[in-house]
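To start, the structure under review is shown below, and the notes come after it.
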Amino acid sequence: MDLNNFEDNVSLSDCPVCGSKNTLRVTSKTDNIPYFGDIFETSVSCQQCGYQSSDSISLEQNDPVKYTLKIDESKMNTRVAKSQTATITIPELGLKVEPGAKSQGYVSNVEGILNRFEDAVLRAIKLESDNSDVQDNALNIIEMITQLKMGEISANLILEDPWGNSLIDDDDAKKVMLTQEEADKLETGFTTIDQ
């Protein structure tokens with residue numbers, strides 16, 4: 001596929017959910033996204049049952065990188081570009097998200113990252129409603145996220161990307177290139193086969 005051709009490629013296929021023949025519209029295209037470079041986007045939609053799914057995959061791989069930023073209320077609007085292969089950690093709050101098979105990249109800000117963590121903690125509260133230890137710990141984390149947003153505490157936001165397609169866009173962010181050994185210890189969300 002020519003990366004300079006950004007037009008959609010559309011085809012029809014059988015739906016894996018309802019089994020209808022030629023009702024699944026499959027659209028794919030390449031695009032160039034700021035911070036991520038060239039990406040391959042796919043979306044599927046069944047005209048019969050309404051099933052939908054989409055995915056974006058970075059087509060570029062750069063040198064492994066780690067960003068660290070001390071965050072408080074003054075850094076809430078700092079732009080963060082997280083690729084599908086990046087790990088985000090806030091060690092002081094005990095928070096870490098690693099890429100999985102359905103991991104997607106996004107551009108947000110520090111407050112948006114904190115909101116995503118908060119949403120995940122709230123889901124954990126609902127899932128573990130019978131476990132008082134989990135409930136207490138989750139409520140503690142939500143309180144610390146609120147204190148962080150209000151400027152009552154500070155913490156480190158760490159963004160590590162073995163494919164180097166992520167960034168914390170702030171002059172105060174410390175950027176360190178990772179060794180290949182350090183990068184190999186990080187999850188990518190992709191299944192790899194060693195030969």
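What's counted below: heavy atoms across the whole structure, side chains too, no hydrogens, waters or symmetry copies.
Residue Glu111 forms a side chain to side chain contact (heavy atoms under 4.5 Å, CB included) with just one option from Met76, Lys75, Glu73, and that option is Met76.
Side-chain contact annotation: Asp161 with Ser83, donor-acceptor N/O pair under 3.5 Å present. No hydrogens or angles considered: nothing links the side chains of Asp72 and Ser154 as a donor-acceptor pair under 3.5 Å. With no hydrogens or angles considered, no side-chain donor-acceptor pair links Asn156 and Lys174 at under 3.5 Å.
In the hydrophobic clustering, Leu24 connects to Val17, Val26, Val44, Tyr51, either directly or through intervening members, whenever side-chain heavy atoms lie under 4.5 Å apart. Leu178 belongs to a hydrophobic cluster whose other members, connected by ILVMFWY side-chain contacts under 4.5 Å either directly or through intermediates, are Leu186.
The two atoms that bring Tyr67 and Ser166 nearest to each other are CE1-O, 3.3 Å, heavy atoms only. Contact detail for Glu187 and Pro162: the closest heavy-atom pair is O-CG, 4.0 Å. Closest non-hydrogen pair, Met144 versus Ile153, comes out as O-CD1, 3.5 Å.
Contact of the Asn115 side chain with the Lys149 side chain is registered, since non-hydrogen atoms from C-beta on lie closer than 4.5 Å. Contact of the Tyr106 side chain with the Arg116 side chain is registered, since non-hydrogen atoms from C-beta on lie closer than 4.5 Å. Between Leu95 and Thr89 the shortest side-chain heavy-atom distance does not fall below 4.5 Å. You'll find the side chain of Phe117 reaches within 4.5 Å of the side chain of Ile88, heavy atoms only. Residues Lys70 and Asp172 form no side-chain contact, since every pair of their non-hydrogen atoms from C-beta on lies 4.5 Å or further apart. Residues Ser28 and Phe40 meet the side-chain proximity criterion, which asks for heavy atoms closer than 4.5 Å. Side-chain contact between Asn109 and Arg79 is absent, with no heavy-atom pair separated by less than 4.5 Å. Using a 4.5 Å heavy-atom cutoff, the side chains of Cys49 and Ser20 are not in contact.
Hydrophobic clustering keeps Trp163 apart from Ile158 (ILVMFWY residues linked when any side-chain heavy atoms are closer than 4.5 Å, directly or through intermediates). Under a hydrophobic-cluster definition in which Ile, Leu, Val, Met, Phe, Trp and Tyr are linked whenever side-chain heavy atoms come within less than 4.5 Å, directly or via other members, Val176 and Ile90 are assigned to different clusters.
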Review point. After noting the C-alpha distance and the side-chain angles of Leu159 and Lys66, does the key distance pass the side-chain contact (heavy atoms from CB on, under 4.5 Å) rule?
Key: CA-CA 6 Å; Leu159 179 65; Lys66 174 182 179 180; over 6 Å; no

Exercise for review: Output, in order, the C-alpha distance, side-chain angles, deciding distance and verdict of side chain to side chain donor-acceptor pair (under 3.5 Å) for Asp184 and Gln180.
Suggested key: CA-CA 6 Å; Asp184 289 345; Gln180 192 57 52; 2.8 Å; yes

Exercise for review: Check the pair Glu41, Thr30 against side-chain contact (heavy atoms from CB on, under 4.5 Å), reporting the backbone distance first and the verdict last.
Suggested key: CA-CA 6 Å; Glu41 299 175 276; Thr30 56; over 6 Å; no

Review point. After noting the C-alpha distance and the side-chain angles of Leu139 and Glu143, does the key distance pass the side-chain contact (heavy atoms from CB on, under 4.5 Å) rule?
Key: CA-CA 6 Å; Leu139 291 172; Glu143 182 180 336; over 6 Å; no

Check your understanding: Cys18 and Cys46: side-chain contact (heavy atoms from CB on, under 4.5 Å), yes or no, with the steps?
Key -> CA-CA 9 Å; Cys18 70; Cys46 180; 3.8 Å; yes

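To the nearest 0.5 Å, atoms CG (Leu148) and CG (Leu93) are separated by 6.0 Å. The CD1 atom of Ile113 sits 11.5 Å away from atom CD1 of Ile145, with the distance rounded to the nearest 0.5 Å. Here SG of Cys15 is found 15.0 Å from CZ of Arg25. Values are rounded to the nearest 0.5 Å. The CD1 atom of Ile142 sits 9.0 Å away from atom CG of Asp119, with the distance rounded to the nearest 0.5 Å.
A donor-acceptor distance shorter than 3.5 angstrom exists from the side chain of Thr179 to the backbone of Glu182, with no hydrogens or angles considered. A donor-acceptor pair under 3.5 Å links the side-chain atoms of Asp14 to the main chain of Asn22, judged by distance alone.
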Return all side-chain donor-acceptor pairs below 3.5 angstrom for residues 120-135, not counting sequence neighbours, or 'none' if the list is empty.
| residue | atom | partner | partner atom | Å |
| --- | --- | --- | --- | --- |
| Asn131 | OD1 | Asp133 | N | 3.1 |
| Asn131 | OD1 | Val134 | N | 3.2 |
| Gln135 | NE2 | Ile125 | O | 2.7 |
| Gln135 | NE2 | Glu128 | O | 3.1 |

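Between Lys96 and Glu98 there is a salt bridge, since at least one side-chain N of the basic residue sits less than 4.0 Å from a carboxylate O of the acidic one.
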